[in-house]
2 protein chains.
Amino acid sequence: MHEVKPRVSKIKKDQTRLAEDLRCSLETEILSGLLLPGERLDESGLAKRFGVSRTPVREALLQLASSGLIEMRPRQGAVVATVTVQDLMQMFEVMAELEAMCARLAARRINPVERAAIAAAHETCKTAARSQDLGAYYKANRVFHEALYAGAHNAYLQDKTRSLRNRLSAYRRYQLHQVGRVARSLAEHEAVVEALMAGDAEAAENAMRTHVAIQGDVFSDLISLLPPRYLQAAAK
Amino acid sequence: MHEVKPRVSKIKKDQTRLAEDLRCSLETEILSGLLLPGERLDESGLAKRFGVSRTPVREALLQLASSGLIEMRPRQGAVVATVTVQDLMQMFEVMAELEAMCARLAARRINPVERAAIAAAHETCKTAARSQDLGAYYKANRVFHEALYAGAHNAYLQDKTRSLRNRLSAYRRYQLHQVGRVARSLAEHEAVVEALMAGDAEAAENAMRTHVAIQGDVFSDLISLLPPRYLQAAAK
DNA sequence: CTGTCTACTCTTGTATACAAAAATATGTTT
DNA sequence: AAACATATTTTTGTATACAAGAGTAGACAG
């Protein structure tokens, strides 16, 4: 075999901008709770911590502000967004609607491959639930929902739903620690899958709304399980 | 009355950042069609045009990218976002859902003041429609929808719905030029208002979905009425 | 001792400078 | 003449420098 000199290097170049990396890192730190709501985000401080200049830090902060994860006030710097109980409720309300919409559309548009992917994801959830592995269920649950978004065949909806889910993930994490929550979640998935496989859009929509919505006791339980600093005391 | 020396100047300081101004200007230029989809956004060029340095230009571009109005590829600059027919359809689909949700929530949560505001906005629409004033109807319509968002009492939903409406406004503008579109729009508003006033959430939701959704002939008409350059020919 | 004014410091917002990657043009080879 | 390789130019990404507003602490008056 004679030598092959690649015309164009297929190896992905360092297609990496510092600003993007930073955005990612900070996003993770915020969502994981390492940076707490209300915490100040000093540009020079972050620059020093990450070993870069203020320029990429500022760019990262701007993007985080656009996604609502941080708040920037003119000439007063950025802080990790503080969320009131009301804010949280409203975001969950929208989340439920978007996910329900995904389910409705998926029931109509899903193809065999996607159908299989959802079934598989559901099975993985079942396994994780049976072995009482919260971490595994958390991940499998995410895959299940992602598969559903894909089935809706609406890239815009998929993108928005995903980013809202991401935004809320920090608050949802604690939900699974409730006794019986995993079993209930799984049962709700079951209902969604059944409706999906039957092609019943309305049933799928309702099942999903029920699954995602935070209503009745579920809401107060969710709030109560949150670490104190996650919520702002007074109204915005 | 003796002189009042205001302790703290109530006059709003130049709370203006160049980057924010630029974002606003560029947004307007894009939404108005002055900058066409696919058009290159050269940083130095924009800086020179607006008489500022590249720094605020970059910050403005980053924010526009976050809102989806422009697309930035690493080290290849920014272009006004190109939208395919499919993209457009998907965004309208989500729009219909969000507005329908607003209507449903508003039917349950609206207060007398908001009720009056919606009624008033509806009357203004009627007047504009009767006088065949497209510009006036366009504005009154916006006020009507805004009043509805407020009635839903969900700030997050309001924000997201408004920004999507804004994003689509460029494409919607041409819709009103269709013969009979104004009359039909007004009739649909009427249905929404009736359901709202009756407190019938389901009816309000359905009426609004019908109003906002672009279905059947309406969609092909919308597409056909768009100036050619508004849409990308091939798939993304 | 308290409240207000002022000077100072710190942080943000913007401009400029520099490095590296794309895009473009030029020249060479077959 | 076409295609490839190389040099040049242009543009983006990052760092640094500078200006101006916000926050802070200290001095002074009541």
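All values below were derived from every heavy atom in this structure, side-chain atoms included, with hydrogens, water molecules and symmetry-related copies excluded. Just so we're on the same page: letters track the sequence lines, and every chain starts at 1.
The nearest whole Å value for the distance from the CD atom in Glu59(A) to the C1' atom in dT12(D) is 10 Å. In this structure, CG of Leu62(B) is placed 14 Å from P of dG13(C), rounded to the nearest angstrom. The CZ atom of Phe50(B) sits 13 Å away from the P atom of dA15(C) (whole-angstrom rounding). Atom CG in Asp42(A) sits about 17 Å away from atom P in dA22(D), given to the nearest Å. Between the CZ atom of Arg73(B) and the C1' atom of dA21(C) there is a distance of 16 Å, given to the nearest Å. Protein atom CE of Met72(B) is 18 Å distant from nucleotide atom P of dA21(C), rounded to whole Å. Between Arg17(B) atom CZ and dA22(D) atom C1' the separation is 14 Å, expressed in whole Å. The CG-C1' distance, from Leu22(A) to dT14(D), rounds to 11 Å in whole Å.
Checked against dT14(C), dA15(C), dA15(D), the side chain of Pro56(A) finds its nearest nucleotide in dA15(D). In the set dT11(C), dT16(C), dG13(C), the nucleotide with an atom closest to the side chain of Glu43(A) is dG13(C). The Arg40(A) side chain lies nearest to dT11(C) when the options are dT16(C), dT11(C), dA21(C).
Ring centers of Tyr230(B) and Tyr174(B): under 6.0 Å apart, within the cut-off.
Counting distance only, with no hydrogens placed and no angle test, the side-chain atoms of Arg54(B) and the base atoms of dG13(D) include a donor-acceptor pair under 3.5 Å.
Ionic pairing of Arg165(B) and Glu99(B) is present here: one or more N-O contacts between side-chain nitrogen and carboxylate oxygen are shorter than 4.0 angstrom. With respect to the salt-bridge test (charged N to carboxylate O, under 4.0 angstrom), the residues Arg49(A) and Glu29(A) qualify.
Distances shorter than 4.0 Å separate none of the side-chain N or O atoms of Arg58(A) from OP1 or OP2 on dA15(D). The phosphate of dT11(D) (OP1 or OP2) has no side-chain N or O of Gln76(B) nearer than 4.0 angstrom. OP1 or OP2 of dA15(D) has at least one side-chain nitrogen or oxygen of Ser53(A) nearer than 4.0 Å.
The side chain to side chain contact (heavy atoms under 4.5 Å, CB included) test with Leu46(B) is passed by exactly one of Val52(B), Leu22(B), Leu61(B): Leu61(B).
Gln90(A) places a side-chain N or O within donor-acceptor distance of the main-chain N or O of Ala155(B), the cut-off being under 3.5 Å.
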